[in-house]
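Hydrogens, waters and symmetry mates are skipped; everything else that's a heavy atom, side chains included, is used. These numbers come from a predicted model, not from an experiment.
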Amino acid sequence: MSSAVQDLLAILDLESLEVNLFRGRSPQVGWQRVFGGQVIGQALVAACRTLDVAGRPPHSLHAYFLLAGDTKVPIVYDVDRIRDGKSFTTRRVVAIQHGRAIFTMAASFHRDEPGMSHQAKMPDVPKPEDLPNETEIRARVLPIMPDPVRRYYERERPIELRPVEFERYLGKKLNDGRFHVWIRATGALPDEPAIHQCVHAYASDMMLLDSALIPMAAPCSRRSSWPQASTMRSGFIGRFGRMTGCCTPRTVPISPAPAAFPAA
């Protein structure tokens, strides 16, 4: 297991303070504010730990980022047990720092049961092994990136990203505004499915602001003109498998400055 994956699992391993109360910490790596994916992942871990029944994985979530998180102090997660039904469980999680809510999330859990189902067709995109790996992309793209972005990608990270439309970073315009990314953990994760879903929740915040630039044909190198926050997140994770490789289409239906509302 890579050290970056070990660090991520440690970040997601919350401290239990009291019934329905948990505390999470942030990595001290020089970030100006807490990474949004960390808050989503930790909040989902907190919600998972309040379930009293087995075999009921996360089904979907809807979250709002309210305030920027402070990396210097822990985050307290307060879980409200909204409902424990026969098939569904509902939880509300509020992340708190300095006595104020910085994030809120509603999460639904569903036991596996038969029923009618369908899903969208898999996007017609190249397989990850047919795309440039991160080392190749770094060599071509990082020299034109702003310093904060370059420093981030130069660190060892727990999630590998292989963008399908990587030429967008080299100035190519994408007409439909859609952006596909293959993602996977850079090391083996424990077998527990909920851990894979929480790591996926962590990774869901990656490259979303970058996707917001595509409809505006904004170059990645112009950091000052980027939207400064993606304030909402909504996702269906009920059938998500393991973090060994999945393709996520990312679009931003609307981006009223300085916020973006991405869909992933």
Side-chain angles (χ1 to χ4, degrees), residues 1-50 61-80 91-107 142 145-159 161 185-187 189 195 197-210 212 223-233 257-260 262:
M1 183 183 298
S2 72
S3 61
V5 171
Q6 289 179 327
D7 292 342
L8 172 57
L9 293 177
I11 290 170
L12 295 177
D13 188 14
L14 305 182
E15 175 188 0
S16 179
L17 299 177
E18 196 22 293
V19 176
N20 301 332
L21 281 178
F22 304 87
R23 179 162 56 196
R25 301 186 182 276
S26 301
Q28 301 303 302
V29 292
W31 291 348
Q32 294 182 344
R33 57 187 179 187
V34 177
F35 170 53
Q38 172 195 320
V39 184
I40 298 175
Q42 289 180 335
L44 188 57
V45 169
C48 288
R49 291 189 178 178
T50 64
L61 60 85
H62 190 86
Y64 286 97
F65 294 94
L66 308 176
L67 294 170
D70 184 349
T71 61
K72 298 181 179 62
V73 299
I75 305 173
V76 174
Y77 294 90
D78 186 358
V79 183
D80 189 357
R91 293 290 184 263
R92 181 180 63 188
V93 185
V94 179
I96 302 168
Q97 279 189 321
H98 304 295
R100 296 188 297 174
I102 66 169
F103 169 90
T104 181
M105 180 185 78
L142 282 189
M145 290 289 101
D147 287 342
V149 177
R150 185 163 55 249
R151 287 195 299 268
Y152 172 74
Y153 277 96
E154 286 173 346
R155 292 198 301 265
E156 182 184 7
R157 294 179 295 129
I159 306 297
L161 306 169
T186 57
L189 297 174
I195 293 179
Q197 290 174 305
C198 291
V199 171
H200 182 253
Y202 173 93
S204 69
D205 200 49
M206 293 180 169
M207 305 190 81
L208 286 182
L209 288 182
D210 179 65
R223 178 65 179 87
S224 61
S225 64
W226 288 18
Q228 295 302 301
S230 57
T231 57
M232 180 268 289
R233 191 78 70 256

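Here F35 and Y202 bring their ring centres to under 6.0 angstrom of each other.
Nearest approach of S26 to V34, heavy atoms of both residues: OG-CG2, 3.6 Å. Closest approach of G187 to V5, counting heavy atoms only: N-CG2, 3.5 Å. Looking at every heavy atom in both residues, Y77 comes nearest to A46 through CB-CB, 4.0 Å. Counting all heavy atoms, side chain and backbone alike, G69 lies closest to I102 at CA-CD1, 4.0 Å.
Using a 3.5 Å distance cut-off with no hydrogens or angles, the side chains of S16 and R49 do not pair a donor with an acceptor.
Expressed to the nearest 0.5 Å, how far NE2 of H98 lies from CG of L67 amounts to 10.0 Å. Remark: C198 SG to D13 CG distance equals 11.0 Å, nearest 0.5 Å. For the atom pair L44 CG and L12 CG, the distance stands at 9.5 Å (nearest 0.5 Å). The OG1 atom of T50 sits 3.5 Å away from the CZ atom of R91 when rounded to the nearest 0.5 Å. With rounding to the nearest 0.5 Å, the separation of CD in Q42 from CG in L14 is 5.5 Å. Here the CG atom belonging to D80 is positioned 9.5 Å from the OG1 atom belonging to T104, to the nearest 0.5 angstrom.
In this structure the side chain of D7 never reaches within 4.5 angstrom of the side chain of P158, judged on heavy atoms.
Judged as a side chain to side chain contact (heavy atoms under 4.5 Å, CB included), and not counting sequence neighbours, the contacts of A101 are L66, V94.
Of the possible polar contacts, one joining the Q97 side chain to the V73 backbone as a donor-acceptor pair under 3.5 Å is found. Q28 places a side-chain N or O within donor-acceptor distance of the main-chain N or O of T71, the cut-off being under 3.5 Å.
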#### Entry: Candidate pair V93 and F103, rule side-chain contact (heavy atoms from CB on, under 4.5 Å), full reasoning
CA-CA 8 Å; V93 185; F103 169 90; 5.6 Å; no
#### Entry: From CA spacing to verdict: side-chain contact (heavy atoms from CB on, under 4.5 Å), I195, L9
CA-CA 9 Å; I195 293 179; L9 293 177; 3.9 Å; yes
